[in-house]
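Please read these numbers as outputs of a predicted model, since none were measured by experiment. For ligands, and for the atoms within them, numbers begin at 1 and follow the listed sequence.
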Amino acid sequence: MIERTDRVGSFGFTLPGTSMTVNRMGYGAMQLAGRDGDKLVWGPPGDVDGAIAVLREAVASGVNHIDTADFYGPHVTNQIIRKALSPYPDDLVIVTKVSARRGEDGSWIPALSREELITAVHDNLRNLGLDALDVVNLRSMFSIHEPAEGSIEAPMTVLAELQQKGLVRHIGLSNVTPAQIAQARRIAPIVCVQNQYNLVYRADDALIADLAHDGIAYVPFFPLGGFTPLQSDTLSEVATRLGATPMQVALAWLLQRSPNILVIPGTSSVEHLRENLQASRLQVPSEVIADLDSIGGGPA
Ligand SMILES: NC(=O)c1ccc[n+]([C@@H]2O[C@H](COP(=O)([O-])OP(=O)(O)OC[C@H]3O[C@@H](n4cnc5c(N)ncnc54)[C@H](OP(=O)(O)O)[C@@H]3O)[C@@H](O)[C@H]2O)c1
């Protein structure tokens with residue numbers, strides 16, 4: 001069992017209708033898979049021991065919310081999580097996602113049929129070494145890169161059935177519109193929503209407030225800008241003023257943006273992980289928040 005300290009701060013968020021309280025500073029595991037030319041998130045990482053070290057350091061520092069998917073690698077990331085962390089700490093919440101499979105060319109292919117969703121849940125269970133998945137996000141795929149309208153009733157109904165069977169404890173959504181969230185909530189309770197959002201990309205400002213009102217977690221993916229981390233003169237200048245790094249300021253801004261935001265920055269580096277975790281202790285003064293808001297086009 002990994003010895004743990006609380007370097008990520010003690011403030012937590014309880015997923016609605018659950019007994020799961022997670023630290024708002026989490027970790028996203030996608031960067032742990034490898035890369036093969038243009039095929040991103042593909043195959044094993046160059047340094048498997050390094051990937052294991054990142055996961056163990058995260059958990060040892062108090063992170064108890066890890067985001068993953070069995071299509072990262074594919075399978076690789078979940079297998080590394082199991083190797084690094086199993087037997088899992090009791091309070092660790094692993095959130096996975098379903099609705100895609102990978103083509104041989106590295107593409108991300110929608111996989112939302114009943115059979116594909118059932119297979120995906122069983123793949124996650126097997127590769128993570130679990131009897132039940134804590135949270136499964138249904139990722140909408142009408143557009144791969146951004147939320148787009150379309151009914152998610154059929155795949156939501158399958159996930160709700162898997163929840164009834166006890167294979168899935170709680171359900172979340174990803175890459176979704178407000179209409180899809182409303183549709184899903186008529187089928188089963190939703191504990192979290194994971195859409196793209198960061199200092200620069202702020203399409204969900206209104207949605208975050210609506211979810212906060214209902215106690216639902218909002219988990220921004222690409223919190224640091226994703227494969228091309230955020231770059232902004234204002235961000236760099238603010239970071240210098242605060243004696244922090246730009247990535248720390250970007251994370252601290254998210255944590256201060258709304259109490260229902262849980263962050264899952266991704267990194268393959270222990271050094272970057274340590275830097276990112278320290279952001280949970282960074283207080284950004286309100287006048288500086290106004291400067292940061294100007295990066296994304298104005299205050300929320
Ligand atoms: N639902 C979805 O559709 C979806 C889509 C994408 C991602 N996700 C989830 O969201 C998580 C976070 O997204 P992400 O990992 O893609 O993007 P991210 O967290 O915005 O950024 C990761 C990138 O930032 C770099 N980085 C991290 N910390 C840094 C630091 N302190 N200084 C400089 N560079 C730093 C990483 O490189 P190094 O490895 O070199 O640190 C990596 O290139 C993922 O891990 C995944 O679990 C979900």
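Between the Ser174 side chain and the Arg139 main chain, no donor and acceptor come within less than 3.5 Å of each other. Judged purely by atom type and a 3.5 angstrom limit, Arg24 uses its side chain to pair as donor or acceptor with the backbone of Leu255. A donor-acceptor pair under 3.5 Å is formed between the side chain of Gln180 and the backbone N or O of Ala148. Panel note: side chain Asn175, backbone Ser143; a donor-acceptor pair is recorded below 3.5 Å.
Using a 3.5 Å distance cut-off with no hydrogens or angles, the side chains of Asp67 and Gln194 do pair a donor with an acceptor.
Cluster annotation: Val59 and Leu128 are assigned to the same hydrophobic cluster (Ile/Leu/Val/Met/Phe/Trp/Tyr, side-chain heavy-atom contacts under 4.5 Å, transitive).
The nearest protein atom to atom 48 (C) of ligand 1, hydrogens excluded, is given as Gln194 OE1, 3.0 Å; this is a heavy-atom distance. At the shortest separation from atom 47 (O) of ligand 1 among protein heavy atoms lies Asp67 OD2, 2.6 Å. The protein heavy-atom contact nearest to atom 44 (C) of ligand 1 is Met30 CB, 3.6 Å. Looking at atom 13 (O) of ligand 1, its nearest protein heavy atom turns out to be Phe222 N, 3.5 Å. Nearest to atom 43 (O) of ligand 1 among the protein's heavy atoms is Gly226 O, 3.9 Å.
Backbone and side-chain nitrogen or oxygen atoms of Gly266 are examined, and one is located within less than 3.5 angstrom of a nitrogen or oxygen of ligand 1. For a threshold of 3.5 Å applied to N or O pairs, the pair formed by Phe227 and ligand 1 contains no separation below that value. Taking any N or O of Glu275, backbone or side chain, at least one lies under 3.5 Å from an N or O belonging to ligand 1. Taking distance alone, with nitrogen or oxygen atoms compared against 3.5 Å, Ile264 stays at or beyond that limit from ligand 1. Taking only nitrogen or oxygen atoms, main chain and side chain alike, Gly225 reaches within less than 3.5 Å of ligand 1. Considering backbone and side-chain N/O atoms, Phe221 never comes within less than 3.5 Å of an N/O atom of ligand 1. At least one N or O atom of Asn276, backbone or side chain, sits closer than 3.5 Å to an N or O atom of ligand 1.
A 6.0 Å sphere centred on CG of Asp233 holds no more than 12 heavy atoms belonging to other residues, nucleotides or ligands.
Counting heavy atoms closer than 4.0 Å to ligand 1, residue Pro223 contributes atoms from both its backbone and its side chain. Contact annotation: for Ala29 versus ligand 1, heavy atoms closer than 4.0 Å belong to the backbone alone. Contact annotation: for Ser174 versus ligand 1, heavy atoms closer than 4.0 Å belong to the side chain alone. Looking at Lys97 against ligand 1, only its side chain comes within 4.0 Å, counting heavy atoms. Neither the backbone nor the side chain of Gln196 has a heavy atom within less than 4.0 Å of ligand 1.
Looking at Gly26, Pro220, Ser268, Pro229, it is Pro229 that brings a heavy atom closest to atom 25 (C) of ligand 1. Counting heavy atoms only, His272 comes closest to atom 40 (O) of ligand 1 of the residues Arg139, Arg274, His272.
Within the listing of ligand 1, atoms 30 (C), 31 (N), 32 (N), 33 (C) sit less than 4.0 angstrom from a heavy atom of Met247. Counting atoms of ligand 1 from 1 in the listed order, those under 4.0 Å from a heavy atom of Thr267 are 27 (C), 38 (P), 39 (O), 41 (O). Annotation for ligand 1: atoms under 4.0 Å from non-hydrogen atoms of Gln31 are 14 (P), 15 (O), 16 (O), 17 (O), 22 (C), 42 (C). Per-residue contacts place Pro265 under 4.0 angstrom from the following atoms of ligand 1 (heavy atoms of the residue considered): 19 (O). Near Leu224, meaning under 4.0 Å from any of its heavy atoms, are these atoms of ligand 1: 18 (P), 20 (O), 21 (O), 27 (C), 28 (N).
Salt-bridge check for Asp205 with Arg257: passed, with a basic side-chain N closer than 4.0 Å to an acidic carboxylate O. A salt bridge does not link Lys97 with Asp70: none of the charged nitrogens is closer than 4.0 Å to a carboxylate oxygen. Salt bridge status for Arg114 with Glu161: present, with a side-chain N to carboxylate O gap under 4.0 Å.
Between Tyr197 and Trp253, the angle of the ring planes stays under 30°, which puts this pair in the parallel group of the 30/60° scheme.
The nearest pair of heavy atoms linking Ala212 to Asn260 is N-ND2, 3.1 Å.
With sequence neighbours excluded, the residues forming a salt bridge (Lys or Arg N to Asp or Glu O under 4.0 Å) with Arg241 are Glu237, Asp291, listed by chain and number.
Assignment of Tyr72 to the shell around ligand 1 is supported, since a heavy atom sits closer than 4.0 Å.
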Worksheet entry | Verdict with reasoning, Arg102 to Trp108, per side chain to side chain contact (heavy atoms under 4.5 Å, CB included) | CA-CA 5 Å; Arg102 304 299 296 278; Trp108 309 74; 3.4 Å; yes
Item to complete: For the pair Phe222 and Val200, evaluate side chain to side chain contact (heavy atoms under 4.5 Å, CB included) and give the outcome as yes or no after the intermediate values.
Response: CA-CA 11 Å; Phe222 292 163; Val200 172; over 6 Å; no
